[in-house]
Amino acid sequence: MNKLVKNILQFLLSLSIGSTILYFVYQSQNKDYVLDCVAKGNPASACNLMDKLVADFQQTNFGWIALVMVAFLISNYSRTAKWMILLKPLGYKPRFINGFLSILVAYFANIFIPRIGEVARAGIFSRYE
């Protein structure tokens, strides 16, 4: 199979799985939000989770989100630098971007199975280096 077609199919499969999960989570949360909203004395027609989400995002101070993102990037940059320093005496000189992205993939993998990120990081790193 052509590598481009394989990558496109993998992307579409991941996108469809993620979209399906988000759909079911939203449906569950919307149902609970409507029940809570009605319990507080509001009419069910005035209780819509999507409207609440839009209103909440309009009130968001994105400066704080930017600050958190900068702190996240700095912490992962330093973690990658530490990992590169540990690999240097072993004779490896990997590219920094591959180390950085493998750490981000490890965080994502830990969402599904705790502590699997260490294995995923090594696997991703060895695949690209």
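Note that this is a predicted model, so its numbers are computed, not measured. Numbers for residues simply follow the sequence, beginning at 1. Below, all heavy atoms of this structure are taken into account, side chains as well, without hydrogens, waters or symmetry copies.
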Hydrophobic cluster membership, with links at side-chain heavy-atom distances under 4.5 Å among I/L/V/M/F/W/Y: are [X] and [Y] in one?
{"X": "Val25", "Y": "Leu53", "value": "no"}
{"X": "Phe108", "Y": "Val105", "value": "no"}
{"X": "Leu4", "Y": "Phe11", "value": "yes"}

Side-chain polar contacts of residues 26-38 - donor-acceptor pairs under 3.5 angstrom, sequence neighbours left out - could you list them?
unit_1	atom_1	unit_2	atom_2	d
Tyr26	OH	Met50	N	3.4
Asn30	OD1	Leu49	N	3.3
Asp36	OD2	Lys40	NZ	3.3

- [ ] For the pair Ser102 and Tyr128, evaluate side chain to side chain contact (heavy atoms under 4.5 Å, CB included) and give the outcome as yes or no after the intermediate values.
- [x] CA-CA 9 Å; Ser102 68; Tyr128 291 103; over 6 Å; no
Is [Y] close to [X] at the side-chain level, that is, under 4.5 Å between some pair of heavy atoms?
{"X": "Leu67", "Y": "Phe72", "result": "no"}
{"X": "Tyr92", "Y": "Met84", "result": "no"}
{"X": "Leu9", "Y": "Leu13", "result": "no"}
{"X": "Val70", "Y": "Leu73", "result": "no"}

Spatial distance of atom [atom1] ([X]) from atom [atom2] ([Y]) [nearest 0.5 Å]:
{"X": "Glu118", "Y": "Ile103", "atom1": "CD", "atom2": "CD1", "value": "9.0 Å"}
{"X": "Arg79", "Y": "Leu104", "atom1": "CZ", "atom2": "CG", "value": "10.0 Å"}
{"X": "Ile116", "Y": "Asn110", "atom1": "CD1", "atom2": "CG", "value": "8.5 Å"}
{"X": "Asn76", "Y": "Leu101", "atom1": "CG", "atom2": "CG", "value": "10.5 Å"}

TODO: Could you tell me which residues satisfy side-chain hydrogen bond (donor to acceptor under 3.5 Å, both in side chains) with Lys52, sequence neighbours excluded, listed by chain and number?
DONE: Asp56
What pairs with [X] under ring pair (Phe, Tyr, Trp, His ring centres under 6.0 Å), at least two apart in sequence or on another chain?
{"X": "Tyr23", "answer": "none"}
{"X": "Phe100", "answer": "none"}
{"X": "Phe57", "answer": "none"}
{"X": "Phe96", "answer": "Tyr77"}

Open item on the list: For the backbone of Arg95 and the side chain of Glu129, can you confirm whether one donor and one acceptor N or O come within less than 3.5 Å of each other?
Closed with: yes
TODO: Check Gly117 against Ala106 and note the closest heavy-atom contact, atom names and distance.
DONE: O-CB, 3.1 Å
Open item on the list: Please determine whether the number of non-hydrogen atoms from other residues, nucleotides or ligands lying under 6.0 Å from atom CD1 of Ile113 exceeds 12.
Closed with: no
Task: Aromatic Tyr107 / basic Arg115 pairing, under 6.0 angstrom, 45° off normal - done: no
